[in-house]
Amino acid sequence: MQLVFASNNLNKIKEIQSILKGSISLLSLSDIGCHEEIPETADTIEGNAILKANYVTEKYGYDCFADDTGLEVKALNGAPGVYSARYAGEQKNADDNMNKLLEALKDQSDRSAQFKTVIALNIKGRQHLFTGIAKGEITFDKTGNHGFGYDPVFLPETYNETFAELSSEIKNKISHRAKATQQLIDFLNSTK
């Protein structure tokens, strides 16, 4: 089976391909000639995933899936949430985002947080949503150099290492994206 993954984020594409283990042949946006930035103007994570999937299906005619992910911090009333990628500005710089987050939490004792990924799948004229959540907490410092985004400051439940310190094999079993992607795989396998 071949599906378009509505992303040009090479880190995400690599992570999803690793989780899929070859069960689905992935095409990126550049593979289908989509080089424009797909607008992410929804005010929810679900809404942005749906916008991206619908954009590809409507403009290019492909069955596809898109994801959107946000880091939701309890002490910040769920922020940065849908604005996670541009929390510190439109330049979407991960270090700037983490620095702003650590500064916002510097006097907070409750550092509980969760990553939430929503995948919107458009296939055979129907849409399906899959949600993955990884609970944990925000550390006081950045540690580790694997992964991307907020991984160096996110300590998943029951682990003593941040996502950025864990091996990709472990992260790709326990992460929010892994959980949502596994639901996607299970759904596609059930419809074969």
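Quantities reported herein were computed from a predicted structural model and do not represent experimental measurements.
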Before you tell me yes or no, could you show the steps for D141 and T139 under side chain to side chain donor-acceptor pair (under 3.5 Å), namely the whole-Å CA-CA distance, both residues' side-chain angles and the distance that decides it to 0.1 Å?
CA-CA 6 Å; D141 299 297; T139 58; over 6 Å; no
Evaluate side chain to side chain donor-acceptor pair (under 3.5 Å) for N54 paired with Q127, printing each intermediate quantity in order.
CA-CA 9 Å; N54 288 351; Q127 187 168 77; 3.0 Å; yes
Would you sort out whether K124 and D63 count as a salt bridge (charged side-chain N to carboxylate O under 4.0 Å, His left out), showing the intermediate values?
CA-CA 7 Å; K124 297 177 184 165; D63 283 346; over 6 Å; no
From CA spacing to verdict: side chain to side chain contact (heavy atoms under 4.5 Å, CB included), V56, K52:
CA-CA 7 Å; V56 171; K52 290 187 274 189; over 6 Å; no
Do L188 and I123 pass the side chain to side chain contact (heavy atoms under 4.5 Å, CB included) test, and can you show the C-alpha distance, the side-chain angles, and the key distance before you say yes or no?
CA-CA 10 Å; L188 292 171; I123 192 164; 3.8 Å; yes
Derivation of the side chain to side chain donor-acceptor pair (under 3.5 Å) call for E103 and N99:
CA-CA 6 Å; E103 179 64 23; N99 291 339; over 6 Å; no
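Not a single donor-acceptor pair under 3.5 Å links the side chain of N97 to the backbone N or O of Y150. No donor-acceptor pair under 3.5 Å is formed between the side chain of R177 and the backbone N or O of E15. Between the side chain of D31 and the backbone N or O of S28 there is at least one donor-acceptor pair closer than 3.5 Å. Checked by atom type and distance alone, the side chain of N48 never pairs as donor or acceptor with a backbone atom of D68 at under 3.5 Å. Of the possible polar contacts, one joining the T57 side chain to the Y62 backbone as a donor-acceptor pair under 3.5 Å is found.
By the 4.5 Å heavy-atom criterion applied to side chains, E165 and D151 are not counted as neighbours. A heavy-atom distance below 4.5 Å is not found between the side chains of T143 and E161. Using a 4.5 Å heavy-atom threshold, the side chains of L121 and F187 count as touching. Counting heavy atoms from C-beta on, the side chains of P152 and M98 come closer than 4.5 Å. Between V4 and C34, the closest side-chain pair of non-hydrogen atoms is not below 4.5 Å. At a threshold of 4.5 Å between non-hydrogen side-chain atoms, the residues H128 and R126 count as touching. Counting heavy atoms from C-beta on, the side chains of H176 and K116 never come closer than 4.5 Å. Proximity of S109 to R111: side-chain heavy atoms (C-beta onward) are nowhere separated by under 4.5 Å.
Side-chain atoms of S7 and N9 include no donor-acceptor pair closer than 3.5 Å. In summary, the side chains of E36 and Y55 do present a donor paired with an acceptor at a separation below 3.5 Å, with no hydrogens or angles considered. In this model, no donor atom of one side chain and acceptor atom of the other lie less than 3.5 Å apart for T117 and D67.
Across all their heavy atoms, A134 and S175 have their closest contact at CB-C, 4.2 Å. Smallest separation of non-hydrogen atoms from P80 and Y87: CB-CD1, 3.3 Å. Closest approach of A180 to T131, counting heavy atoms only: CB-C, 4.1 Å. Of all heavy-atom pairs spanning G47 and A42, the tightest one is C-CB, 3.4 Å. Counting all heavy atoms, side chain and backbone alike, A66 lies closest to A53 at CB-N, 3.5 Å. Closest approach of L166 and P156 over heavy atoms only: CD1-CG, 4.0 Å.
F154 pairs with exactly one of F148, F115, Y159 by the ring pair (Phe, Tyr, Trp, His ring centres under 6.0 Å) rule, that one being F115.
To the nearest 0.5 Å, atom OG1 of residue T162 and atom CG of residue L155 are 7.0 Å apart.
Between F5 and F65, the two ring planes are parallel [angle under 30°; tilted spans 30° to 60°].
Taken together through direct or relayed side-chain contacts under 4.5 Å among Ile, Leu, Val, Met, Phe, Trp and Tyr, I174 and I16 form parts of separate hydrophobic clusters. Placement of I133 and V73 in two distinct hydrophobic clusters is found when ILVMFWY residues are connected by side-chain heavy-atom separations under 4.5 Å, directly or transitively. Both Y60 and I38 are assigned to one and the same hydrophobic cluster, defined by single-linkage of ILVMFWY side chains at heavy-atom distances under 4.5 Å.
For Q114, the side chain to side chain donor-acceptor pair (under 3.5 Å) criterion is met by E72, K135, not counting sequence neighbours.
Salt bridge status for K92 with E37: present, with a side-chain N to carboxylate O gap under 4.0 Å.
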